[in-house]
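Just the heavy atoms: all of them, side chains too, but no hydrogens, waters or symmetry mates, feed the values below.
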Amino acid sequence: MTKVYVMATCPDCSEVKARLSDNHDFEIVDIGEHVRNLKEFIRLRESSPEFESIKAIGSIGIPCFAEDDGSISFDVRKYIADDFSTGDSCSIDGKGC
């Protein structure tokens with residue numbers, strides 16, 4: 001099962017959550033819903049090299065897709081149809097939401 005880290009106030013995340021909520025191949029983890037979820041995401045973000053390029057551009061790294069094998073992806077189109085339009089949401093530098 002793929003864990004999908006999202007936050008309700010992120011426009012891209014809201015769209016991902018809406019499209020995947022009925023798909024049992026995905027576990028949606030809203031990091032804003034409970035501090036336990038936020039801590040889980042922070043541990044992942046701080047320990048995974050995949051986040052280095054994300055941090056370098058001032059982004060948080062959500063939506064984030066974490067596979068059972070430990071691989072991590074930020075490519076929404078890999079999991080959702082090609083008609084998904086991503087924005088610059090959730091950028092720490094203020095350029096996004």
Side-chain angles (χ1 to χ4, degrees):
M1 177 178 299
T2 302
K3 275 192 175 183
V4 185
Y5 293 92
V6 298
M7 188 167 192
T9 56
C10 163
D12 288 350
C13 294
S14 295
E15 181 71 15
V16 166
K17 187 175 180 178
R19 291 195 189 197
L20 297 178
S21 62
D22 293 333
N23 188 327
H24 298 292
D25 293 330
F26 297 91
E27 177 186 351
I28 305 295
V29 180
D30 188 325
I31 65 173
E33 199 170 85
H34 195 282
V35 71
R36 170 184 54 242
N37 297 347
L38 179 59
K39 287 180 178 182
E40 180 180 322
F41 176 73
I42 289 172
R43 277 192 299 276
L44 178 68
R45 187 174 189 265
E46 295 305 311
S47 66
S48 302
E50 292 90 346
F51 281 92
E52 293 308 313
S53 62
I54 296 297
K55 291 187 231 179
I57 61 171
S59 290
I60 295 171
I62 54 174
C64 170
F65 300 85
E67 299 287 352
D68 287 337
D69 66 4
S71 63
I72 295 172
S73 177
F74 308 100
D75 184 4
V76 175
R77 288 184 187 94
K78 178 179 175 183
Y79 300 91
I80 298 176
D82 289 335
D83 65 340
F84 188 85
S85 175
T86 60
D88 292 326
S89 61
C90 300
S91 179
I92 294 172
D93 61 9
K95 294 179 183 172
C97 61

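- At least one donor-acceptor pair closer than 3.5 Å links the side chain of Ser73 to the backbone N or O of Asp75.
- Under the side-chain contact (heavy atoms from CB on, under 4.5 Å) criterion, Glu67 pairs with Thr2, Asp69, Ser71, Tyr79, not counting sequence neighbours.
- Interatomic distance, CZ of Phe41 versus CG of Leu38, reported as 8.5 Å (0.5 Å rounding).
- Salt-bridge formation is detected for the pair Arg19/Glu15: a Lys NZ or Arg NE/NH1/NH2 atom is positioned less than 4.0 Å from an Asp or Glu carboxylate oxygen.
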Evaluate the side chain to side chain contact (heavy atoms under 4.5 Å, CB included) criterion for residues Glu40 and Leu44: first the C-alpha distance (whole Å), next the side-chain angles of each, then the deciding distance (0.1 Å), finally the verdict. CA-CA 6 Å; Glu40 180 180 322; Leu44 178 68; over 6 Å; no
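- Here the straight-line distance linking atom SG of Cys64 with atom CD1 of Ile31 works out to 9.5 Å at 0.5 Å rounding.
- Nearest heavy atom pair, residue Ala8 against residue Ser14, reads O-OG, 2.9 Å.
- Electrostatic pairing of Lys55 and Glu52 counts as a salt bridge here, judged by a charged N lying under 4.0 Å from a carboxylate O.
- Of the inter-residue distances, the one linking Arg45 atom CZ with Tyr5 atom OH reads 13.5 Å to the nearest 0.5 angstrom.
- Asp25 places no side-chain N or O within 3.5 Å of a backbone atom of Met1 that could act as its donor or acceptor partner.
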For Leu20 and Ile28: C-alpha separation, side-chain torsions, deciding distance, then whether side chain to side chain contact (heavy atoms under 4.5 Å, CB included) applies. CA-CA 8 Å; Leu20 297 178; Ile28 305 295; 4.1 Å; yes
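- Remark: Lys17 NZ to Asp12 CG distance equals 14.5 Å, nearest 0.5 Å.
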Decide side chain to side chain contact (heavy atoms under 4.5 Å, CB included) for Val4 and Glu27; before the verdict, give the C-alpha distance in whole Å, the side-chain angles of both, and the deciding distance to 0.1 Å. CA-CA 6 Å; Val4 185; Glu27 177 186 351; over 6 Å; no
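- In this structure, CG on Asp30 lies 7.0 Å from CG on Asn37, to the nearest 0.5 angstrom.
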Tell me, with the steps shown, if Phe74 and Phe51 meet ring pair (Phe, Tyr, Trp, His ring centres under 6.0 Å). CA-CA 9 Å; Phe74 308 100; Phe51 281 92; 5.0 Å; yes
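- Note that the CD1 atom of Ile54 and the OG atom of Ser48 stand 11.5 Å from one another [nearest 0.5 Å].
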